[in-house]
Amino acid sequence: MRITRIIAVGAVSILVGTTAFALDTYKVDPAHSSVGFSVDHMVINTVHGRFRQFDGTITVDPDNGNVIKQATATIQVMSIDTDIEKRDNHLRSPDFFDIEKYPAITFESTSVKTEGGTQTLVGKFTMHGVTKEISLPVKLKGPIKDPMGNTRLGLETSATLDRKDYGLTWNKALEAGGLMVGENVTIQINAEFVKQAPEKK
């Protein structure tokens, strides 16, 4: 009887422990998300663009204020769109992204810092074959239930990168001073994520 009781208590403890540490996985909904960027043009203006194809996943702890535990993202560089086909093709060429060699931009979190209700994702960002650590301050909204019964989270983040750090060095000097293309690029991500059903074991 004692052995049976010990086994029962152990089983309950394992079940409670598993439940307490269960994490939720969310996948990005591309139809309601955007990955945009902006860069200075000839000093006097800012040009905006976007990537049309991307995917991403976040894992959160629902028992701890939906603190992010893991985040990954992949952007298909071929999908770059600045509304000017000639410019987009130049950006895809070896002068810039060189998509034949480097077709994707990726991010994989390595840690998450939480301070004053703000989460900051720290991770490996790879672009144009170069990987560097970056920090992304993240604003989460939700979760909420949509009319179809899905659970959704909203995520916003932005960062400014020096493209030269990633080997994107093409430029032309202007006669009046300055450069044709700015070196700092601001990335803006607004995304909705849909909760995934737990995997069956």
Side-chain angles (χ1 to χ4, degrees), residues 26-60 66-68 70-85 87-88 90-92 96-97 99 102-128 130-144 152-171 179-194:
Y26 288 75
K27 293 192 71 173
V28 73
D29 174 7
H32 299 96
S33 304
S34 63
V35 178
F37 63 89
S38 59
V39 62
D40 287 349
H41 181 246
M42 294 202 296
V43 185
I44 62 171
N45 189 28
T46 301
V47 171
H48 296 263
R50 66 200 68 79
F51 294 96
R52 297 287 188 181
Q53 297 175 14
F54 49 85
D55 59 67
T57 302
I58 58 173
T59 303
V60 303
N66 285 312
V67 169
I68 299 174
Q70 180 69 27
T72 59
T74 301
I75 299 169
Q76 301 302 325
V77 185
M78 179 66 186
S79 69
I80 195 167
D81 183 1
T82 64
D83 295 322
I84 304 294
E85 184 177 3
R87 179 168 58 202
D88 294 342
H90 189 202
L91 291 170
R92 296 179 183 116
F96 285 96
F97 286 106
I99 64 170
Y102 312 109
I105 298 169
T106 63
F107 175 81
E108 181 178 1
S109 66
T110 55
S111 64
V112 181
K113 299 177 181 178
T114 304
E115 184 176 353
T118 299
Q119 299 186 58
T120 300
L121 293 175
V122 180
K124 300 175 182 177
F125 180 82
T126 301
M127 180 169 67
H128 198 245
V130 178
T131 300
K132 291 185 174 294
E133 182 179 272
I134 66 171
S135 297
L136 297 172
V138 171
K139 183 177 181 180
L140 280 183
K141 296 181 180 179
I144 63 165
R152 292 177 177 263
L153 278 174
L155 180 149
E156 296 178 7
T157 187
S158 63
T160 299
L161 307 174
D162 186 336
R163 63 188 179 90
K164 299 195 310 301
D165 291 343
Y166 298 88
L168 298 169
T169 58
W170 186 94
N171 227 324
L179 299 171
M180 178 176 287
V181 183
E183 295 174 342
N184 290 327
V185 180
T186 299
I187 299 171
Q188 178 71 44
I189 297 173
N190 297 82
E192 284 187 24
F193 289 80
V194 180

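As the structure is a prediction and not an experimental result, all values here were calculated from the model.
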Smallest heavy-atom separation, G142 atom then L153 atom, equals C-CD2, 3.6 Å
Criterion side chain to side chain contact (heavy atoms under 4.5 Å, CB included) on H128 and R163, from CA distance to verdict: CA-CA 10 Å; H128 198 245; R163 63 188 179 90; over 6 Å; no
Rounded to the nearest 0.5 Å, the CE atom of M180 sits from the CG atom of N171 at a distance of 8.0 Å
So which pairs with a foot in residues 26-43 pass salt bridge (charged side-chain N to carboxylate O under 4.0 Å, His left out), sequence neighbours left out? D29-R152
Measuring from atom CG of N66 to atom OG1 of T59, what distance do you get when rounded to the nearest 0.5 angstrom? 11.5 Å
Report the distance from atom CE of M127 to atom CD1 of I75, rounding to the nearest 0.5 Å. 9.0 Å
Closest contact, heavy atoms only, V112 versus L121: CG2-CD2, 3.6 Å
Which class fits the ring pair F97 and F51: parallel under 30°, tilted 30 to 60°, perpendicular over 60°? perpendicular
Where N190 and E156 come nearest, the two heavy atoms and their spacing: ND2-CG, 3.5 Å
Side chain to side chain, P137 and T157, heavy atoms closer than 4.5 Å: yes
Could you check whether T186 and T160, counting side-chain N and O atoms only, form a donor-acceptor pair closer than 3.5 Å? yes
What pair of heavy atoms forms the shortest contact from A191 to S33, and how long is it? CA-OG, 3.3 Å
What is the minimum heavy-atom distance between E133 and V122, and which atoms define it? CD-CG1, 3.6 Å
More than 12 heavy atoms of other residues, nucleotides or ligands under 6.0 Å from NZ of K164: is that the case? yes
To check you understand the geometry: which heavy-atom pair defines the closest contact between A104 and T74, and what is its length? CB-CG2, 4.0 Å
CD1 of I187 to CD1 of I105: how many Å apart, nearest 0.5 Å? 6.5 Å
So do V47 and R87 actually touch side chain to side chain, heavy atoms under 4.5 Å? yes
F125 backbone acceptor or donor facing T131 side chain under 3.5 Å: no
Rounded to the nearest 0.5 Å, what separates atom OG1 in T106 from atom NZ in K124? 10.0 Å
Under 30°, 30 to 60°, or over 60°: which ring-plane class applies to F96 and H90, parallel, tilted or perpendicular? perpendicular
Going through the distances and angles, do T82 and F37 end up as a side chain to side chain contact (heavy atoms under 4.5 Å, CB included)? CA-CA 9 Å; T82 64; F37 63 89; 3.9 Å; yes
Flag side-chain contact, heavy atom, 4.5 Å: R52 against Q76: no
Answer whether the closest heavy-atom distance between the side chains of V39 and V181 falls below 4.5 Å. yes
Between V77 and R92, is any pair of side-chain heavy atoms under 4.5 Å apart? no
Answer whether the closest heavy-atom distance between the side chains of I68 and L140 falls below 4.5 Å. yes
Kindly compute the distance separating CG (L161) from NZ (K132), expressed to the nearest 0.5 Å. 11.0 Å
Going through the distances and angles, do I189 and F54 end up as a side chain to side chain contact (heavy atoms under 4.5 Å, CB included)? CA-CA 11 Å; I189 297 173; F54 49 85; over 6 Å; no
Using the side chain to side chain contact (heavy atoms under 4.5 Å, CB included) rule, take T126 and Y102 through it: C-alpha gap first, then chi angles, then the decisive distance, then the call. CA-CA 10 Å; T126 301; Y102 312 109; over 6 Å; no
